Amino acid sequence: MSKVLIRAMVLPMTGADMFYPQGEIAIENDRILAVGERGSAPSGFVPDRTLDLPNDLVMPGLINTHTHAAMTLLRSYADDLPLMPWLKEKVWPFEDKLTEEDIYWGTALALCEMIRSGTTTMLDMYVAMDQVAEAVLKAGTRAVLSRGLIGNGPNGESAFQEGCDLVRRYHGAGKGRINVMFGPHAPYTCSGEYLQKVKAEADRLGVGIHIHVAETQDEINILREQYGKTPVQWLDELGLFGGHVVAAHCVHLTQEDMEILARRHVCVAHNAESNMKLNSGTAPITELRAKGVVIGLGTDGASSNNNLDLFGEMRSAAFQQKLQVDSTVLPAYEVLEMATVGGAQTLGLEDVGMLAPGFKADLITIDMDQPHFYPRFSIPAHLVYVAHAGDVRTVMVDGKFLMEERKLLTMDVSEVCKEAETRAKRIAEELKG
Ligand code: NI
């Protein structure tokens with residue numbers, strides 16, 4: 001039995017006017033027992049540990065709904081190029097050289113960065129996902145993992161088998177910290193038949209689907225030529241949208257596409273910074289939200305961002321919509337919702353994303369006693385327009401501290417950085433030769 005009491009400002013994300021300037025949160029084992037003003041903990045609750053952090057703000061851990069974690073090894077390796085040369089001449093040849101161990105260390109690097117920037121859960125899509133799962137188990141974070149499937153590639157069939165194995169081995173692992181989905185890459189890299197096979201298996205195993213949809217204008221053109229439809233209409237016709245689906249990007253959508261996504265309860269992972277950096281376009285987030293589509297925020301891989309900082313992503317997502325639509329859209333609290341509650345809904349996780357009794361104790365504290373947080377007119381505005389990764393002081397997942405006073409407790413950061421540096425440079429050298 002472990003009991004922890006944290007006394008701090010509390011932003012529970014249970015409603016726009018819910019805020020406890022002198023609050024407390026009581027945690028028993030992996031779950032939240034009570035949240036509220038001082039004295040909310042039930043009588044008889046005797047904590048093993050009390051954290052008095054009157055100048056910190058406690059909020060739910062942030063949720064990254066679309067990433068390729070091990071791509072940290074490609075961080076700032078290739079930038080400022082048009083999309084296709086970037087992929088064909090730089091990213092894919094580098095990825096071809098990655099060993100399973102490289103993927104472990106690339107993911108470990110991503111997880112160190114995520115913990116230090118307040119991200120407690122990610123939805124990942126990559127290869128060698130057993131390595132990713134092991135890194136997550138070591139780091140202590142929460143994750144939903146999907147084996148990326150290029151149906152049209154030479155490994156389409158073996159990748160599908162690996163996707164099935166991943167579900168068997170890791171769905172529910174780490175006392176439920178890991179969940180698994182299928183990860184068919186995109187409608188232009190998988191045939192209709194392949195997508196239907198994946199969908200049937202996902203339904204049989206009771207897991208969801210994570211797929212890139214309508215990311216670029218090129219994709220729209222390819223699908224129109226091949227099938228005479230938009231990606232969303234094509235996937236709907238294939239029956240892919242019947243269950244839990246996370247559609248990453250959704251930049252280029254028609255009105256009909258948006259209605260299909262809403263009607264089919266497809267969740268959207270919005271990647272504002274990646275979409276800007278790769279010149280993909282601006283996703284119609286304001287319209288999607290108005291239609292009731294659930295939206296989470298994602299960073300995408302570190303080669304198209306180039307960090308995994310969701311504080312930066314919140315700010316970019318807000319500013320991009322304001323530039324595109326008008327300055328009143330996506331107020332700060334709604335952006336915070338996308339990074340927490342919306343992220344949890346997007347991933348199909350029912351007991352994270354908010355600080356409420358019975359929810360998992362996945363939380364972060366932010367050091368608000370810094371010049372850039374004064375005066376304190378609006379906490380949500382501070383978190384979205386002001387805060388950055390380095391302001392996170394404490395991270396807890398499943399009731400366990402992963403970081404205190406900015407020191408990581410589950411990972412040896414210097415070892416991870418050294419391994420990542422050595423491995424990435426080795427591949428770059430091989431490619432030069
Ligand atoms: Ni992606």
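Both counts, for ligands and for their atoms, begin at 1 and track the order of listing. Source: prediction; values computed, not measured.
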Legend entry - Atom name, Asp300 (N, O or S, nearest to the Ni ion (ligand 1)): OD1
Inset, instruction - Decide side-chain contact (heavy atoms from CB on, under 4.5 Å) for Leu238 and Lys199; before the verdict, give the C-alpha distance in whole Å, the side-chain angles of both, and the deciding distance to 0.1 Å. - result: CA-CA 9 Å; Leu238 288 173; Lys199 165 71 174 147; over 6 Å; no
Inset, instruction - Using the Ni ion (ligand 1) as the apex, give the angle to atoms NE2 (His212) and NE2 (His66), rounded to 10 degrees. - result: 90°
Legend entry - CA sep, side-chain torsions, deciding dist, call: His249, His66, ring-ring contact (aromatic ring centres under 6.0 Å, His included): CA-CA 9 Å; His249 298 293; His66 180 69; 5.2 Å; yes
Legend entry - Side chain Asn305, main chain Thr299, donor-acceptor under 3.5 Å: yes
Inset, instruction - Specify the closest pair of heavy atoms between Leu261 and Cys250, including all atoms of both residues, with the distance to one decimal. - result: CD1-SG, 4.1 Å
Inset, instruction - Tell me yes or no: between the side chains of Asp362 and Thr120, is some donor less than 3.5 Å from an acceptor? - result: no
Inset, instruction - Look at the N, O or S atoms of Glu215, main chain and side chain alike, and state whether any lies under 2.8 Å from the Ni ion (ligand 1). - result: no
Legend entry - Shortest-distance N/O/S atom, His68 versus the Ni ion (ligand 1): NE2
Inset, instruction - May I ask you to check whether His249 brings an N, O or S atom to under 2.8 Å from the Ni ion (ligand 1)? - result: no
